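Indexing begins at 1, ligand by ligand and atom by atom, following the structure's order. Fair warning: this is a prediction, and the values are worked out from it, not measured in the lab.
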Amino acid sequence: MSNQSDTKPAVPAVVPDVPALPILIAPHPVLKAKARPAGPQDTDTVRDLIPRMFATMYKAPGIGLAAPQVGVGLRVVVIDLMAGNVSTPLTLINPDIIAADSELETREEGCLSLPGQYADVTRPARVTVRYTDASGAKRQIEADGLLSACLQHEIDHLDGILFVDHLSILKRNIIMRRLGKEMRLKER
Ligand code: NI
């Protein structure tokens, strides 16, 4: 997820000293594919991937990034809301939403895979997410507000869902056309 359009991007004082990865831009087939759970055979891949995902997210800058956005089809998410300019990095391996509020909340979202595009998205106000952390420990987090939206946005990425998929076809088409046009202009 990218910073909201009206907030200044923040970057933590210490960024992992590894190269950032290229971020895939929509429409890209990998962004539409379902990622697979990371298993014991992926331990080395995931260990190398996590700092590079953080470096990529901070460089962008963004507040959340899912592995498919850097072309890796594994269920791995990194988040750092940088609330009050304080870094609170969160690594989620194989995250699952195990409970979602019936109360809904609408907030503006953006996405590093749709640079410069923002829209209001309505989602459950609160969610409970079960996941494995970077040390391999099983954890559970209950979130509301921005963290709730960010968790849902990033977990959507693992299922090939982008924030524009929550909008009407009309709104989605407008954003995708605008993005395509802006990306073509950028290439020139
Ligand atoms: Ni995103």
Side-chain angles (χ1 to χ4, degrees), residues 1-12 20-36 38 46 49-50 52-83 88-97 100 105-125 127 129 131 141 143 145-169 171-180 182-183 186:
M1 196 153 142
S2 61
N3 298 73
Q4 284 170 284
S5 57
D6 59 348
T7 53
K8 247 207 304 196
V11 173
L21 298 160
I23 297 174
L24 301 184
I25 304 299
H28 189 290
V30 172
L31 294 173
K32 298 305 291 174
K34 201 174 160 76
R36 69 169 174 84
V46 171
L49 178 65
I50 290 166
R52 296 196 72 179
M53 283 179 65
F54 273 108
T56 307
M57 180 182 75
Y58 292 135
K59 187 187 171 200
I63 56 173
L65 185 73
Q69 293 181 274
V70 290
V72 178
L74 288 173
R75 303 186 76 82
V76 178
V77 162
V78 298
I79 289 175
D80 192 342
L81 298 187
M82 295 292 302
T88 48
L90 190 59
T91 301
L92 302 103
I93 299 163
N94 302 332
D96 267 322
I97 296 173
E105 204 168 270
T106 300
R107 68 172 57 234
E108 187 184 60
E109 294 188 19
C111 179
L112 297 178
S113 292
L114 292 93
Q117 312 304 316
Y118 301 91
D120 282 344
V121 178
T122 301
R123 301 179 183 273
V127 288
V129 175
Y131 65 99
I141 187 173
L146 180 59
L147 182 57
S148 170
C150 192
L151 283 164
Q152 294 176 70
H153 176 119
E154 301 310 334
I155 292 169
D156 267 357
H157 272 300
L158 306 179
D159 293 318
I161 298 165
L162 301 174
F163 79 89
V164 289
D165 294 321
H166 291 279
L167 310 176
S168 68
I169 295 169
K171 278 189 191 163
R172 179 161 67 240
N173 286 346
I174 289 170
I175 290 178
M176 292 311 290
R177 264 201 302 271
R178 189 165 60 209
L179 176 65
E182 288 175 12
M183 294 316 286
K186 233 174 141 181

Grab the two heavy atoms, one from [X] and one from [Y], that are nearest each other, plus how far apart they are.
X: Met57; Y: Val78; value: SD-O, 3.8 Å
X: Ile175; Y: Gln117; value: CG2-CB, 3.7 Å
X: Ala26; Y: Leu162; value: CB-CD1, 3.8 Å

Could you give all pairs that pass the salt bridge (Lys or Arg N to Asp or Glu O under 4.0 Å) test and reach residues 63-77, with sequence neighbours left out? Arg75-Asp159

Go around the Ni ion (ligand 1) and count every protein N, O or S atom nearer than 2.8 Å. 3

How would you list, by chain and number, every residue that makes a side chain to side chain contact (heavy atoms under 4.5 Å, CB included) with Pro115, sequence neighbours excluded? Ile25, Leu179, Met183

Kindly write out the residues that satisfy side chain to side chain donor-acceptor pair (under 3.5 Å) with Lys32, not counting sequence neighbours, or none if the list is empty. Asp165

